[in-house]
Every structure is written in C-alpha cells, then in structure tokens.
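Please read the structure below before turning to the comments.
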Amino acid sequence: MTTTVTGGRGGTDVSALPPSPQPPGATPPAAPSSEPVRPAGRSGLGRVGRPLGVGVVGLWLSVMVLLPLAALTVTSFEDGWGGFWEAVTAPVALASLRVTIVAAVVVALVNAVMGTLIAWVLVRDDFPGKRIVNALIDLPFALPTIVASIVLLSLYGPNSPVGIHLNATQPGLVLALAFVTLPFVVRSVQPVLIEADREVEEASASLGASSWTTFRRVVLPTLTPAIISGTGLAFARAIGEYGSVVLIGGNIPRETQVASQYIQQQIEIDRPVNAAAVSVALLAIAFATLAVLRWYAGRGLRREEDSA
Amino acid sequence: MITVTGARKSYGDFTALDDVSLEIPAGTLTALLGPSGSGKSTLLRAIAGLEGLDGGRVVIGGRDVTGVPPQKRGIGFVFQHYAAFKHMTVRDNVAFGLTIRKRPKAEIARKVDDLLEIVGLDGFQHRYPAQLSGGQRQRMALARALAVDPEVLLLDEPFGALDAKVRADLRQWLRRLHDEVHVTTVLVTHDQEEALDVADRIAVLNKGRIEQVGDPVALYDRPANDFVMSFLGSVARLGGQLVRPHDIALHRTRERALQLDARVGGSPGVIEAVVERVVRLGFEVRVDLRADTGERFAAQLTRAEADALALQAGDTVFAHTVQAVNPAEAEPALAI
C-alpha cells in the first residue's frame with residue numbers, strides 16, 4: 001500500500017465535499033469550517049495515483065460528456081454558422097424554445113414557492129402520515145416520466161373524472177413539468193431547514209420581530225441559496241423534459257410543442273442539423289443556468305466563510 | 001423588577017420547574033445557578049416568554065406578562081451560541097431590533113455606533129459574524145439585545161461556548177458594562193465561580209426548585225443546606241459535617257487543637273487524622289488526610305501554615321474547624 005496520509009488531513013476532503021443539493025453557502029454553523037480541498041497527491045493516493053486518477057476521470061468525462069457534446073456541436077454547424085442560425089430561428093423551432101423556456105420559468109417559480117412551503121411543513125409541522133408524505137416527494141422523480149404523463153392524463157385528460165381537461169394545453173404542460181420537478185426545491189431546502197438554528201428565530205422574536213418579519217428577514221435569507229439552487233435544478237430539468245409531456249402536452253407546434261419534442265420530430269423527418277442546432281441552444285441554456293448557480297453559490301460561500 | 005410566582009413546567013415526566021417563586025430587584029445582576037437539568041434555563045426562558053408555563057405568573061416591571069409573547073415583553077435575550085444573523089453584517093445585526101421598529105435611519109446609525117463602541121466592536125461594522133471570534137460574536141449579540149432598550153436583559157449561559165481565558169475576561173467586562181448601563185440582568189450559569197464573580201445576587205436551583213437566594217457572600221458563608229454549600233465551592237466532610245477545606249486547621253498536638261476548637265461553637269470536634277499526601281498548589285497547600293474513622297478529607301492551608309507544621313506523608317495531626325457551619329441557623333431559602 002503506497003498511501004501516504006498526512007496526519008488528520010484524511011477527513012478534510014470529506015467535509016469539503018458539498019452535501020449534494022445543498023449549496024455550500026447554507027452550511028450550518030456546526031459543520032466543520034470547510035478548508036480548501038487539498039491537492040489529491042497530498043491526502044489520497046501517492047505519486048502513482050494522481051496521474052492515474054486524473055487520467056481515468058479525464059477519459060470518462062471525455063467519452064461520456066465532452067466528446068458527444070463536441071460531436072453534437074459539430075453536427076449543428078454542418079451547414080455553417082448561417083445554417084445553424086437558420087435552424088435555430090426557424091419559426092417553429094423558435095416557438096418550441098419559447099414554449100419550453102416560458103413553461104420552465106413558470107414551473108421553476110411555482111416550485112420555489114411550493115417546494116419551500118412543502119419543505120417547511122415537512123420539517124416544522126407534525127401530522128399523521130408525515131413519513132409517508134415525505135417518502136412520496138421523491139416519487140415523481142423516481143417514476144418513469146412517461147408514467148407520470150399517463151398518471152396526469154388519467155386525471156386531467158379527455159376522460160377526466162374531475163372534469164378538468166388539460167390535455168394538449170399549456171397549463172397541462174406546466175402541470176406535467178411541475179410534477180416531475182417537485183422534489184428539487186423540497187429536497188434542497190429540507191436539510192437546510194433541519195439544520196437551521198432555532199435560536200436565531202427566538203433571538204429575532206426577542207428583539208420584537210413578528211413571525212412574518214422573522215421569516216422574511218431571518219429565515220428566508222438563510223434558505224435563499226437552497227431555494228435558488230433547487231429552483232435552478234428544477235428549471236434545468238424542465239428545459240430538457242420529454243417523457244412527461246409526451247402524452248399530456250399534445251405536441252402542437254407553436255403552442256405546446258417543447259424543444260425536446262421538436263428535436264424528436266426533426267430527427268424523424270431526417271433533419272439532423274435542425275435537431276442538433278436546437279439541442280445546442282438547449283445545451284447553452286442549461287449550461288448558463290448551471291454557471292449562474294455556481295457563481296451564486298460561490299458568492300454566498302465567500303461572504304460567510306471569508307475571514308479576511 | 002421581575003417577579004415570578006408559582007412557576008411550574010414539566011416536559012412529560014420531567015419536572016423542569018416545581019412551583020418556583022423568585023423576585024429579582026430592578027437594576028441588579030442576578031445569577032441563576034444550578035447543575036444541568038435544575039431548571040435554570042427553563043426559568044430564564046419562561047421570563048423571556050420563549051417557554052410557556054404550565055402554571056404561575058411572570059411580572060416584569062409591574063406588568064403581568066404571563067400570556068404575552070416574547071416580542072412584546074421588552075426583553076433582551078443573549079444565547080449561549082450567539083444566535084447571530086449570519087447573513088447580516090455586525091451593524092445590521094445590532095440594528096435589527098430598531099430597523100424592524102422603523103426608527104429613523106440617522107437614529108439607528110447613531111445608536112448602533114454607540115453600542116458597538118460600548119461593546120468594543122468599533123470598526124467591525126461591516127464584518128459578518130463568521131469573521132468574528134466567539135467572544136466578539138457574543139459581544140455583538142449583547143449589543144443587539146441592548147439596542148432595543150430592554151427592560152430586562154436575559155443571558156443564557158452567555159460564556160458557555162467560550163474558552164476559559166475569554167470567559168474570565170468577558171465576565172469582568174459584563175460586570176463593568178452592567179455597572180454602566182444598570183439594566184436589570186439575569187444570568188444563567190452552571191459555573192459557581194462565574195456567579196460569585198459577576199452577580200449581586202445568586203439564586204441556586206436544584207431539581208426545579210430554588211434552594212436559596214442571597215448575595216454571594218451570604219450564600220458562601222451561610223449556605224441554607226448541604227446542596228448549596230457543595231455547589232458553591234469545594235467541601236470536605238469532617239466528623240459527618242460539611243466544611244470548607246480552608247476552614248480546617250491542623251495541629252501537631254491534641255491539646256492545642258482542643259484548646260482552639262473550644263472557641264468555635266457547633267463544631268464536629270477534634271479529629272485525629274493521618275497525612276496521606278501534601279500537594280503544593282502555588283500559594284495554597286492541599287493536605288489529603290485520612291481520619292481515624294477511615295473517612296478521607298482534604299484541608300487547605302496557606303504556605304506559611306504548612307511550612308510551620310512541616311507536614312510529611314504519614315504524620316499524625318489533629319484537625320478541627322475554625323468556622324462553625326450549621327445550615328439550620330443560616331437564612332432559609334426565600335419563599336414568597
């Protein structure tokens with residue numbers, strides 16, 4: 001064994017890993033102050049391990065992510081910049097992108113509010129069946145999305161037992177996207193709320209703040225990073241959603257056809273360049289979303305951890 | 001002035017407060033002292049309104065606030081773990097109570113600057129709590145509580161999370177601060193030294209009841225019972241009676257011991273004991289002894305006394321108390 005663990009540093013890397021959806025800015029006070037991640041050579045495998053690890057990771061990312069993305073981008077520019085631009089700005093393509101983005105924004109905002117509310121109720125309130133409800137939150141995520149579509153169709157479709165017909169409408173589209181993106185905000189806000197220091201709220205109350213003022217000025221700011229990260233992930237997911245909107249969305253061009261459906265359609269009628277071009281547009285949006293999230297998380301991190 | 005009457009509070013089977021009545025005079029710094037689980041924090045939180053009572057009343061400054069929420073009690077509360085608003089600067093933290101009262105900006109700025117100067121955080125206005133040390137954070141929390149001009153200031157183990165040196169400095173500082181601002185202050189602590197050091201008055205709690213209330217000297221010299229005595233300083237058991245180790249005198253001869261012991265009333269008499277160990281602790285010397293009854297106890301001597309006796313392990317000495325301790329004659333616990 002060639003491992004050369006330097007004293008006490010072994011655990012640092014673990015604590016420096018961000019606990020998945022929870023943004024680093026919201027790290028509870030009790031958590032060990034995250035030190036900068038040590039270079040792998042010092043804490044993990046020895047000199048042999050480092051190039052090997054970097055090599056494997058590089059290869060994996062290349063085969064899985066970078067090369068396909070590059071290939072897609074190359075395909076989209078097969079007819080040159082002009083061809084790409086034409087494909088993206090074709091009226092139906094543009095309409096599908098607009099429908100996608102508008103629906104995703106609406107869904108993200110609905111999630112930001114409802115997800116926070118659900119997380120709040122699950123953490124702060126006690127009611128019978130709480131554990132079951134808590135487990136149910138992940139169901140839309142775990143369910144095959146086409147099943148989600150059928151589920152929604154059976155309730156809000158043409159044969160709706162409750163008389164609500166959302167089949168092939170934009171509200172139907174939003175409903176389907178909201179269904180599959182439900183867990184994102186809930187699951188990112190929940191751990192932050194669980195870790196939240198209740199004394200801070202008591203301090204606020206002792207200073208004369210009403211419950212609402214305490215929520216708005218003390219609790220909400222600590223939840224904001226988690227809400228934004230969850231909302232961003234929900235948005236990114238909604239942008240690319242396909243399965244759940246296939247049945248209830250209706251696929252009506254310029255109305256309920258989302259970008260992913262447009263791409264599928266273009267492939268079917270053998271227009272790979274059009275498909276690739278719109279895909280690259282989606283890719284750019286997703287990438288921009290993630291970049292903004294990272295920037296935001298980094299900003300929060302600096303503000304709370306910087307001890308200059 | 002705070003008056004608590006007949007306060008009762010249980011959590012399931014656990015009784016946190018068992019019919020507690022206490023009067024805290026205006027302008028004093030009173031310590032609620034007791035071991036963990038004695039109900040001292042519960043009592044403080046009940047005064048603040050952060051904890052509801054099962055029974056009893058709380059009156060602050062002549063106003064019955066029993067059912068009043070903490071927002072409207074006119075209190076300032078300081079928590080053991082600071083409860084800082086992490087997303088706000090030091091200035092915004094301290095200004096919070098004034099900001100939500102929508103006071104004019106200029107007034108808030110002036111008051112916050114004044115307070116930060118008082119607590120020694122001048123120049124830290126734009127820092128975030130994460131950029132302060134524990135002691136600084138607690139001083140910020142104190143300034144924040146004082147900003148709203150509370151009628152009473154309530155401190156829940158305010159120095160509990162700090163290391164020993166900062167702790168000692170901060171309690172001196174708190175005492176000086178109290179002498180300046182004179183706000184009625186209640187401090188919860190499990191540290192008898194801290195209570196003796198800063199408080200004008202101490203209420204000793206045990207198992208949800210108040211054992212004794214009084215000034216530090218009275219409590220130390222005339223404890224109402226064995227619990228108060230052993231909680232407020234070290235004790236030795238001499239002839240079945242609790243005495244302070246520094247109240248034990250040692251002599252080489254029984255005659256001398258008897259002669260001096262006769263002057264002290266109610267003492268356990270002269271005890272013959274064998275020296276087991278002599279420990280020099282700077283100016284003080286602790287002598288570990290075993291009485292002829294087999295009972296072990298320790299005496300605390302000055303260096304000069306120990307040198308005069310030239311004690312060695314194995315020597316036989318005669319011990320007696322120089323101070324009579326008779327709990328029965330001491331002041332009883334204040335009952336209202």
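Chain letters run A, B, ... following the sequence lines, proteins first and then strands; every chain starts at 1.
- Side-chain contact between K86(B) and T222(A) is absent, with no heavy atoms from C-beta onward closer than 4.5 Å.
- In the displayed structure, K105(B) atom NZ is contacted under 6.0 Å by at most 12 heavy atoms of other residues, nucleotides or ligands.
- In terms of heavy atoms, L50(B) sits closest to E202(A) at CD2-CB, 3.8 Å.
- Contacts between A147(B) and chain A at a heavy-atom distance below 4.5 Å are absent for every atom of the residue.
- In this structure, the side chains of S204(A) and F85(B) come closer than 4.5 Å at one or more pairs of heavy atoms.
- Distance check, rounded to the nearest 0.5 Å: CZ of R144(B) to OG of S206(A) gives 7.0 Å.
- For chain A, the nearby part of F96(B) is the side chain; its heavy atoms alone come within less than 4.5 Å.
- Neither the backbone nor the side chain of A141(B) comes within less than 4.5 Å of any heavy atom of chain A.
- Residue T214(A): no heavy atom, backbone or side chain, is found under 4.5 Å from chain B.
- Here the side chain of E199(A) pairs no donor or acceptor atom with the backbone of A83(B) at under 3.5 angstrom.
- Here the OG atom belonging to S210(A) is positioned 8.5 Å from the NZ atom belonging to K72(B), to the nearest 0.5 angstrom.
- Within a 6.0 Å sphere centred on CZ of R101(B), heavy atoms belonging to other residues, nucleotides or ligands number more than 12.
- In this structure, CZ in F77(B) is found 11.5 Å from CG in L207(A), a value given to the nearest 0.5 Å.
- With a threshold of 4.5 angstrom between heavy atoms, R217(A) approaches chain B through its backbone and through its side chain.
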